[in-house]
Protein chains: 2
Amino acid sequence: MAYKTRAQFVADDIRHRILSGEFPGGTQLRQDALAADYDVSRIPVREALLTLEAEGLVEFYPHRGAFTTELSVSKIRELFDLRVLLEGHLLRQAIPRMTEPVLHKAGQILLEYDAALDSGSQIDNWSDYNFAFHEALYSPAGLPEAMNLVSQLNTKSDRYIRMQLLYTREIEKAEREHHDLLEFSRQGKADAACELLERHILEACEGIVAVLEGRVQASQTPDTPHLQHQK
Amino acid sequence: MAYKTRAQFVADDIRHRILSGEFPGGTQLRQDALAADYDVSRIPVREALLTLEAEGLVEFYPHRGAFTTELSVSKIRELFDLRVLLEGHLLRQAIPRMTEPVLHKAGQILLEYDAALDSGSQIDNWSDYNFAFHEALYSPAGLPEAMNLVSQLNTKSDRYIRMQLLYTREIEKAEREHHDLLEFSRQGKADAACELLERHILEACEGIVAVLEGRVQASQTPDTPHLQHQK
DNA sequence: TCTTTTTATATTTTATACAATCTTCAAAAA
DNA sequence: TTTTTGAAGATTGTATAAAATATAAAAAGA
């Protein structure tokens with residue numbers, strides 16, 4: 001897994017560009033242009049796009065090409081409901097099996113993140129931190145397939161979470177909830193933890209929906225406006 | 001979606017060959033050989049294998065090729081637990097929204113299957129029938145993403161279900177439970193239906209585990225023995 | 001003028017050819 | 001005997017080129 005093939009590299013980078021908002025939903029991803037961008041042939045680009053299709057970020061239309069996907073509000077709601085279901089399952093299995101090293105590691109991730117938060121808002125890797133924390137917390141459950149599904153759901157909704165954080169100031173709130181979550185886990189309070197987790201996820205969802213429906217005035221100008229949206 | 005590209009065709013066929021047991025877990029899938037098989041170049045074969053990798057049926061090792069995956073007993077248990085969780089969620093959402101046309105369609109699928117069962121055991125498309133029934137039953141929930149996850153879990157475990165049906169005689173039992181499930185759904189008995197569903201899934205899981213651990217004597221000789229298992 | 005057919009162009013999809021990497025196996029060294 | 005080294009062969013990964021298909025524009029007919 002150490003070695004990275006070109007197709008994998010390109011896939012990672014295009015994924016990043018989609019999630020960062022550079023390629024909004026509905027953008028056609030031309031193989032030629034991308035191949036030129038990365039100075040590779042179109043074959044690894046195609047393979048990268050196929051990988052992203054499997055992740056749900058891109059959709060192929062035969063002989064017409066690949067387009068980035070876009071999620072409706074109802075789909076977003078569904079994704080977050082599934083996260084509640086699966087992450088609740090994971091957390092409930094994890095808490096009785098919780099160990100000190102795991103608690104320590106999760107706490108460490110939070111501290112790192114707190115520090116990054118103070119130094120300046122780098123939203124770019126917030127998702128990574130967030131996922132790393134949740135992953136650490138769920139790890140004692142020993143359920144890799146469930147983690148995999150959660151990871152998929154995260155990838156699909158990541159763009160929208162990013163957007164919400166850009167427009168609102170909910171990061172601090174999420175961070176506080178993370179600390180609480182960790183505390184409940186340390187104390188073995190599974191019910192309280194799961195209840196908090198459910199709120200944590202569903203309120204994030206409602207925040208996103210509010211932004212999508214324009215019910216929120218921007219608290220700051222987004223630094224990555226939607227560029228080159230072509231039909 | 002009507003048109004099928006060569007890569008898609010090849011992917012469909014290789015998937016079938018994996019699920020049917022022709023390519024058991026750990027088999028290396030040589031691109032040359034497959035390309036010759038289908039009389040195409042290696043490019044569509046590679047793309048097909050990438051698709052299957054995303055489905056979890058195949059795994060790529062850089063510069064070493066693609067191998068069919070194999071599931072451990074613990075992973076199989078996890079997959080079925082997740083099915084319980086997700087399908088339970090779907091069924092619970094579906095039952096209050098159940099309509100007569102849906103009930104009729106699900107019943108129709110069962111009748112078709114009953115007929116096929118009498119005429120002769122064609123295990124090959126049992127999975128399709130089974131999934132079609134469950135899909136129909138869950139459709140009123142209106143949760144396409146959840147259905148998608150369930151479909152993924154099914155694809156991954158399909159090989160093992162097939163194997164179990166080959167060695168044991170549990171099809172009739174599953175079929176009876178399907179009829180009961182439909183009846184509960186018709187009567188709006190969500191709790192009873194979900195409880196039955198959970199048993200239905202978990203007992204199938206235990207059957208598979210029993211076969212894998214050799215705790216079961218074959219009730220019949222399998223008609224598709226594991227061929228060409230190459231290291 | 002409007003509709004249908006034809007042609008042209010752009011883009012995707014696939015084939016062929018080449019480069020990079022891994023595996024094998026024999027020979028040499030410890 | 002066991003381990004290590006290194007070239008030959010095999011296989012994957014990528015580039016380039018050709019074929020197939022879709023979209024748009026132009027031409028023909030009503």
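Order of the sequence lines sets the chain letters (A, B, ...), proteins ahead of strands, with each chain counted from 1. Values below: every heavy atom of this structure, side chains too, minus hydrogens, waters and symmetry copies.
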*Asks:* Kindly determine whether Q28(B) and R30(B) satisfy side chain to side chain donor-acceptor pair (under 3.5 Å), including the steps that lead there.
*Replies:* CA-CA 6 Å; Q28(B) 179 166 16; R30(B) 290 239 160 69; 3.1 Å; yes
*Asks:* For E145(B), what residues pass the side chain to side chain donor-acceptor pair (under 3.5 Å) criterion, not counting sequence neighbours?
*Replies:* K156(A)
*Asks:* Which residues pass the salt bridge (Lys or Arg N to Asp or Glu O under 4.0 Å) test with D128(B), sequence neighbours left out?
*Replies:* none
*Asks:* Which is it for Q8(A) and E47(A) under the side chain to side chain donor-acceptor pair (under 3.5 Å) test, yes or no, and what are the steps along the way?
*Replies:* CA-CA 8 Å; Q8(A) 289 172 306; E47(A) 298 192 352; over 6 Å; no
*Asks:* When the distance from CG of L50(A) to P of dT14(D) is rounded to whole Å, what number comes out?
*Replies:* 14 Å
*Asks:* Ring-plane angle category for Y61(A) and F67(A), please: parallel below 30°, perpendicular beyond 60°, tilted otherwise.
*Replies:* perpendicular
*Asks:* What are the atom names and distances for every N/O pair under 3.5 Å that joins the protein to nucleotides 7-14 of chain C?
*Replies:*
unit_1  : atom_1 : unit_2 : atom_2 : d
dT12(C) : O3'    : H63(A) : N      : 3.4
dT13(C) : OP1    : H63(A) : N      : 3.0
dT13(C) : OP2    : Q31(A) : NE2    : 3.4
dT13(C) : OP2    : R46(A) : NH1    : 2.4
dT13(C) : O3'    : T5(B)  : OG1    : 3.0
dT13(C) : O4     : R42(A) : NH2    : 2.6
dT14(C) : OP1    : T5(B)  : OG1    : 2.7
dT14(C) : OP1    : R6(B)  : N      : 2.6
dT14(C) : OP2    : T5(B)  : OG1    : 3.4

